[in-house]
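To start, the structure under review is shown below, and the notes come after it.
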Amino acid sequence: MDWREITARSRILPRAFYDRDTVTVARELLGKILVHERVAGTIVETEAYLGGDDLASHSARGITKRTRIIFGPPGHAYVYFIYGMHECLNFVVGPEGTGGAILIRAAEPLAGVRLMQQRRPSAHSVAKLASGPGNLTLAFGVTRAQNGVDATRGALVVRKWLKEPPFEIRVTPRIGIRQCADLPLRFVIAGNPSVSGGVVAQGAK
DNA sequence: GGTAGGATGGGCT
DNA sequence: GCCCATCCTACCC
C-alpha cells in the first residue's frame, strides 16, 4: 500500500486513546497502523502488562531508572533491551503513575517492505518480517533511542483507519513469562499470518 | 512436523 | 550472580 493512501485514510491516535484501561487499549490496538519513519504495518498481536500486582510487568517493582517511563504519561513509547540482543516496543497506557503498558508483539507489513527485508534478511516471508517482538523492532528500526518518545506526534506513531476492516480477536496467556503465566492478556487477530508462533501458540478461542 | 540449546548484556538483589 | 516480555540454528522425527 502506498503512503498517500495510508495517510489519507487514517489518523494518528490521540493521547486519550492510551489513557484508558490497559486491557481495553491492548484489544483496541489490534488493527491499528504502527508507523516508524518509512515503515508501516498493521498491529496483529499485543500483550497487556498491568500496573499494580501484575508480577510479570516491569512496573511491578516500582519506579527505577528503567521503569520511570512506564510511570509517566500515556501515549509514550517504552523500549527495553532483553536477552543481550533484542529490544521490545511498548506503549504506556492508563493514567500517569499507574504503570500500565502494552507490548507490541507483531505487525503485518503495509509499507517499507524493502527496508524491512534489508533489516531482516533471514525472514522466511514478508508476513513474518515483523512477527515476534524482537523481529518487529528490528524490522521497524526501533531501538532504545525511541525509549520515552511521544507516540502521538513525530516519527513513531500509531494511526487508526477512518473505516477499520472487521476482524476476530483471540485471547491467550502471554508468551515467555514465568510470573502470572496463566492470565489471558495476549490478544491476536485470528488467523493472521503475521502473528508469532505456530497454530498452537496462537491459541484457541 | 517438532524441540533443545546457545548467544549475549543490562537490571536489580 | 541470577534473571530475563527472544531468536536462530541444528538436529530429530
Side-chain angles (χ1 to χ4, degrees), chain A residues 18 22-23 25-27 29-30 34 41 43-72 74 76-94 98-109 116-148 151 156 158 170-189 193-204:
Chain A
Y18 300 94
T22 307
V23 169
V25 179
R27 296 179 68 100
L29 275 172
L30 294 176
L34 177 66
I43 295 171
V44 300
E45 178 176 350
T46 63
E47 284 179 359
Y49 286 86
L50 314 178
D53 57 3
D54 177 7
L55 296 179
S57 174
H58 290 176
S59 65
R61 297 182 191 279
I63 299 177
T64 67
K65 182 175 183 179
R66 178 173 69 156
T67 63
R68 65 187 164 79
I69 299 295
I70 318 176
F71 289 97
H76 288 249
Y78 166 57
V79 184
Y80 67 89
F81 185 63
I82 187 100
Y83 296 122
M85 61 186 82
H86 300 295
E87 284 157 303
C88 295
L89 169 66
N90 298 247
F91 292 109
V92 178
V93 301
T98 54
I102 311 298
L103 172 66
I104 308 301
R105 286 191 58 92
E108 182 174 10
M116 289 195 229
Q117 288 173 322
Q118 289 173 19
R119 290 166 170 167
R120 290 214 58 238
S122 68
H124 291 182
S125 66
V126 169
K128 294 296 185 185
L129 281 169
S131 181
N135 291 332
L136 181 144
T137 53
L138 193 54
F140 275 75
V142 169
T143 70
R144 280 165 288 177
Q146 278 70 51
N147 188 37
L156 177 64
V158 182
R170 289 194 188 178
V171 185
T172 81
R174 294 172 290 187
I175 304 284
I177 58 169
R178 300 175 62 138
Q179 305 280 348
C180 303
D182 295 331
L183 297 180
L185 293 175
R186 173 173 175 258
F187 306 93
V188 309
I189 292 183
S194 295
V195 170
S196 71
V199 174
V200 174
Q202 292 185 30

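Below, chains carry the letters A, B, ... as their sequence lines are ordered, and counting in each starts from 1. Just so it is clear, the values below take in all heavy atoms, side chains as well, and ignore hydrogens, waters and symmetry mates.
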Dot-bracket, 5' to 3', for DNA chain B please: Watson-Crick or G-U pairs under 3.5 Å, [ ] where pairs cross earlier ones, | where the partner sits on another strand, dots elsewhere.
|||||||.||||.
Would you find a donor on one side and an acceptor on the other, under 3.5 Å apart, between the side chain of A:Lys128 and the backbone of A:Val195?
yes
Pick base, sugar-phosphate or nothing for A:Asn90, based on heavy-atom distances below 4.0 Å to the nucleic acid.
base
Partner residues of A:Arg174 under the salt bridge (Lys or Arg N to Asp or Glu O under 4.0 Å) criterion, sequence neighbours left out
A:Asp54
Set out, line by line, the N/O atom pairs under 3.5 Å between protein and nucleotides 9-13 of chain B.
{"unit_1": "B:dG9", "atom_1": "N2", "unit_2": "A:Tyr83", "atom_2": "N", "d": "3.4"}
{"unit_1": "B:dG9", "atom_1": "N3", "unit_2": "A:Gly84", "atom_2": "N", "d": "3.4"}
{"unit_1": "B:dC12", "atom_1": "OP1", "unit_2": "A:Thr64", "atom_2": "OG1", "d": "2.7"}
{"unit_1": "B:dC12", "atom_1": "OP2", "unit_2": "A:Thr64", "atom_2": "OG1", "d": "3.4"}

Can you name the residues that form a side-chain hydrogen bond (donor to acceptor under 3.5 Å, both in side chains) with A:Thr22, not counting sequence neighbours?
none
I want to confirm an ordering. Mapping A:Ala123 and A:Ile177 to their closest nucleotides on DNA chain C, which one lands closer to the 5' end?
A:Ile177
Using a 3.5 Å cut-off and no angle test, enumerate the donor-acceptor pairs between side-chain atoms of residues 78-89 of chain A and protein atoms at least two apart in sequence or in another chain.
{"unit_1": "A:Tyr78", "atom_1": "OH", "unit_2": "A:His58", "atom_2": "ND1", "d": "2.6"}
{"unit_1": "A:Glu87", "atom_1": "OE2", "unit_2": "A:Arg144", "atom_2": "N", "d": "3.0"}
{"unit_1": "A:Glu87", "atom_1": "OE2", "unit_2": "A:Arg144", "atom_2": "NE", "d": "2.9"}

Please enumerate all residues that pass side-chain hydrogen bond (donor to acceptor under 3.5 Å, both in side chains) together with A:Thr67, with sequence neighbours excluded.
A:Thr64
Identify, with sequence neighbours excluded, every residue that meets side-chain hydrogen bond (donor to acceptor under 3.5 Å, both in side chains) alongside A:Arg120.
A:Asn135
Could you give all pairs that pass the salt bridge (Lys or Arg N to Asp or Glu O under 4.0 Å) test and reach residues 56-67 of chain A, with sequence neighbours left out?
none
Hits for side-chain hydrogen bond (donor to acceptor under 3.5 Å, both in side chains) against A:Tyr49, two or more places apart or cross-chain, chain-then-number order -> A:Glu47
With sequence neighbours left out, what residues match A:Thr46 under side chain to side chain contact (heavy atoms under 4.5 Å, CB included)?
A:Ala26, A:Leu29, A:Leu30, A:Ile43, A:Ile102, A:Ile104, A:Phe187
Return the set of residues passing salt bridge (Lys or Arg N to Asp or Glu O under 4.0 Å) with A:Glu108 (not counting sequence neighbours), or none when no residue passes.
none
Going 5' to 3' along DNA chain C, which are the first and last nucleotides with any atom under 4.0 Å from a heavy atom of chain A?
C:dC4 to C:dC8
